[in-house]
Amino acid sequence: QVMVLLQFVITLLMICSAITVSRQLDYLKNKDLGFRKEAIVQVAMGEPGTDVQLREEWLRNAGVEEVSFSVGAPTSNNRLGTSYYPKGEDPRTTTAGVDIKPVDEHYAATYDLQLASGRFFTDADARLINDNLEEEGLKWPIVINESLARELGHATPEAALDDRIVLGINDVEGEIVGVTKDFHNKSLHDQVEPLVMLPLSVLYYEVGVKVNPAQIGSVLPALEESWKSRYPNQHFDYRFLDEALAKQYLSEDRTSSLLQAFAGLAIFIACLGLFGLTAIMVRQRRKEIGLRKVLGASVAQLWALLSVDMIRLIGIAILIAAPLTWWAMSSWLADFAYRVNVSPFTFIIGGVVLLTIALLTVSGQAVRAALANPVEALRNE
């Protein structure tokens, strides 16, 4: 019984862990990231910069909705960082770090970013910066996210407009012209970080193409054809944004698959132990079963008699496995800034699953013993 109880505890631990990991993985894949990720094609640039003619050629395709040059997608590994401090304050006491994302004026439309206040970049903003890149004393228009607006001490996104910060990029003075709603610029392992966007074309390493989902199959060959005509010596290196984002959680995917496999194996082993335990119990209580049947006990009553010990074991296993699972899963989920909670329903579902499987395992022998001729059992005894 102790060995079967141990098997039940391990099985419940595996089942509840598999359910929790699966819930977290589903949450990671389906959480709203604050931008569009479906039907976005990311194409790597051979050399950083922008190509107006390529953009115009691609936009002539009916299946292409928008094209944007940038350092990368809203969530990507292409990130830059620098320091900043509010204009007019002492940099020795107020300097902090901030992520920098160089993007063009079409970035918000391509990825469906939502503005909380102000405006996004215009073509004039991009020309102001890129045509006068080496000049000093210019005020660069910048767009920030809500997290940076809060860090600057503004109660509302509107209050941040026209505020100025000094960036660590050659001590450039940035004037806030817009504030976007927070979007995830890193994986869900991390909190949304303060972010500055600016139209700096020398750091555009990717092209994002917003495609009509119904026309992806016909659009890709057209994109590649235009690319090869412009860059015959460069490979058309593309990927779909949603697939790239899913790869951020390959480790969690493997963990979920392994837990499901081990849970299945644990259930199988527990059933074998339970089958053996029930066989021994039926043999030991053969005379008792015969006497009870002679005295009028029904098949259901005899089945309950043989099953009650197993149900008791599962109850004890739940009491032992629940705190162990809660501790293990809470420790694992702590690596995610955005996560599900370890729900009590997880233990209820795990217990019901194990109880159902155990009852099915026991029922065959229990019913067979209850239906056996009591005369033979008593004669043998």
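- Nearest approach of Glu158 to Ala116, heavy atoms of both residues: OE2-O, 3.5 Å.
- Between Pro141 and Leu128, some side-chain heavy-atom pair lies under the 4.5 Å cut-off.
- The side-chain hydrogen bond (donor to acceptor under 3.5 Å, both in side chains) pairs that include a residue from residues 330-345 are Gln191-Tyr338, where partners are two or more places apart or lie in different chains.
- Looking only at atom types and distance, the side chain of Tyr107 has no donor-acceptor partner in the side chain of Glu66 under 3.5 Å away.
- Ile142 has its side chain within reach of Ile165: a pair of non-hydrogen atoms, C-beta onward, lies under 4.5 Å apart.
- Looking only at distances, no side-chain donor or acceptor of Asn212 sits under 3.5 Å from a matching main-chain atom of Val64.
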- Checking side-chain contact (heavy atoms from CB on, under 4.5 Å) for the pair Arg23/Thr346: CA distance, chi angles, key distance, verdict? CA-CA 10 Å; Arg23 288 178 59 229; Thr346 300; 4.1 Å; yes
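- Between the side chain of Ser226 and the backbone N or O of Leu223, no donor-acceptor pair lies under 3.5 Å.
- Put simply, the side chain of Leu203 does not reach to within 4.5 Å of the side chain of Asn78, judged on heavy atoms.
- The side-chain heavy atoms of Leu148 and Val196, taken from C-beta on, include a pair separated by under 4.5 Å.
- Side chain of Asp26 to main chain of Ser22: no donor-acceptor pair is present (N/O by atom type, distance under 3.5 Å, no hydrogens or angles).
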- Item | Residues Thr20, Leu333; criterion side-chain contact (heavy atoms from CB on, under 4.5 Å); working and verdict | CA-CA 9 Å; Thr20 302; Leu333 289 170; 4.1 Å; yes
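- Residue Leu250 shares its hydrophobic cluster (ILVMFWY side chains chained together at separations under 4.5 Å) with no other residue.
- Separation of atoms CD (Gln7) and CG (Leu12) is listed at 12.0 Å; rounding is to 0.5 Å.
- The side-chain heavy atoms of Asp104 and Ser201, taken from C-beta on, include no pair separated by under 4.5 Å.
- Side-chain contact of Thr122 with Asp125: a donor-acceptor pair under 3.5 Å is present, judged by distance alone.
- The only option from Asp99, Val98, Asn185, Asp182 that meets the side-chain contact (heavy atoms from CB on, under 4.5 Å) definition with Pro194 turns out to be Val98.
- Residue-environment remark: CG (Asp90) exceeds the threshold of 12 foreign heavy atoms within 6.0 Å.
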- Can Tyr84 and Glu151 be said to form a side chain to side chain donor-acceptor pair (under 3.5 Å), step by step? CA-CA 12 Å; Tyr84 85 93; Glu151 187 170 281; 2.6 Å; yes
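- Between Phe69 atom CZ and Glu105 atom CD the span is 10.5 Å, to the nearest 0.5 Å.
- Under a 3.5 Å cut-off, the side chain of Gln24 and the backbone N or O of Val340 do form a donor-acceptor pair.
- Ring planes of Phe236 and Trp58: perpendicular class, angle over 60° (limits at 30 and 60°).
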- Show your reasoning for whether side-chain contact (heavy atoms from CB on, under 4.5 Å) applies to Ile320 and Phe8. CA-CA 10 Å; Ile320 297 173; Phe8 281 169; over 6 Å; no
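- With sequence neighbours left out, the side chain to side chain donor-acceptor pair (under 3.5 Å) criterion links His189 to Ser187, Glu252.
- A side-chain donor-acceptor contact under 3.5 Å links Tyr231 and Asp51.
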- Query: Under the side-chain contact (heavy atoms from CB on, under 4.5 Å) criterion, do Met329 and Ser17 qualify, and how do the steps go?
  - Reply: CA-CA 7 Å; Met329 288 295 96; Ser17 297; 3.9 Å; yes
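- How far CD of Glu243 is from CD of Gln42: 12.0 Å, rounded to the nearest 0.5 Å.
- The NZ atom of Lys210 lies 5.0 Å from the CZ atom of Arg36; values are rounded to the nearest 0.5 Å.
- Residues Pro199 and Val103 fail the side-chain proximity criterion, which asks for heavy atoms closer than 4.5 Å.
- Applying the 6.0 Å contact sphere to NZ of Lys31 captures more than 12 heavy atoms from other residues, nucleotides or ligands.
- In this structure, CG on Leu167 lies 7.0 Å from CG on Leu198, to the nearest 0.5 angstrom.
- Using a distance-only test at 3.5 Å, with no hydrogens or angles considered, a donor-acceptor pair links the side chain of Arg55 to the main chain of Val67.
- Between the Ser256 side chain and the Asp253 main chain, no donor and acceptor come within less than 3.5 Å of each other.
- A salt bridge links Lys228 with Glu224: the closest approach of a Lys/Arg side-chain nitrogen to an acidic carboxylate oxygen falls below 4.0 angstrom.
- A donor-acceptor pair under 3.5 Å links the side-chain atoms of Tyr249 to the main chain of Leu188, judged by distance alone.
- A salt bridge does not link Glu146 with Lys181: every distance from a Lys NZ or Arg NE/NH1/NH2 to an Asp or Glu carboxylate oxygen is 4.0 Å or more.
- Here CG of Asn145 is found 11.5 Å from NE2 of His184. Values are rounded to the nearest 0.5 Å.
- The backbone N or O of Gly72 sits nowhere less than 3.5 Å from a side-chain atom of Ser76 that would complete a donor-acceptor pair.
- When all heavy atoms of Tyr111 and Ala73 are compared, the pair lying nearest together is OH-CA, 4.0 Å.
- Across every non-hydrogen atom of Pro48 and Val202, the tightest pair is CB-O, 3.3 Å.
- In this structure, the side chains of Leu241 and Phe35 come closer than 4.5 Å at one or more pairs of heavy atoms.
- Counting heavy atoms from C-beta on, the side chains of Phe240 and Ile40 never come closer than 4.5 Å.
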